[in-house]
Amino acid sequence: MSSEHEVAVVERGSFAIAHCTCGWSAPARRSRDLSRRDAEAHGSEDGGPETPDAGNRA
Ligand SMILES: [Zn+2]
């Protein structure tokens, strides 16, 4: 249990983008709510198709 995903939603003008400490980031959304959903989805789904840390399993 050492894969921490800390996602932060950054606002850019009228857009919001979710960024994670693992390097993952969601596409820009027009609503912060959607970005929060992206963040939650990423946090629960351990790893997406574009995750750099794919060799960290004990
Ligand atoms: Zn992450």
Side-chain angles (χ1 to χ4, degrees):
M1 283 191 211
S2 55
S3 56
E4 265 183 52
H5 290 276
E6 242 180 87
V7 187
V9 176
V10 179
E11 284 181 61
R12 269 196 161 196
S14 49
F15 289 91
I17 309 164
H19 288 278
C20 183
T21 49
C22 76
W24 170 92
S25 68
R29 304 289 193 188
R30 263 215 144 149
S31 116
R32 206 170 53 170
D33 226 49
L34 283 174
S35 280
R36 277 179 134 203
R37 279 190 159 203
D38 283 334
E40 277 183 41
H42 174 69
S44 55
E45 252 185 68
D46 200 272
E50 289 173 62
T51 309
D53 65 316
N56 204 7
R57 268 208 161 189

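For reference, positions follow the sequence shown, starting with 1. Please read all numbers here as calculations on a predicted model, not as lab measurements.
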What pairs of residues pass the salt bridge (Lys or Arg N to Asp or Glu O under 4.0 Å) test when at least one of them lies in [range], not counting sequence neighbours?
range	answer
residues 10-22	E11-R32
residues 13-30	R29-D38
residues 15-26	none

Can you give me the closest heavy-atom contact between [X] and [Y], atom names plus distance?
X	Y	result
S35	V9	CB-CG1, 3.8 Å
E4	T21	O-OG1, 3.5 Å
A39	V7	CB-CG1, 3.2 Å

Parallel, tilted or perpendicular, as decided by the 30° and 60° cut-offs, for the rings of H5 and H42: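 Rings of H42 and H5: perpendicular, as their planes differ by over 60°.
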
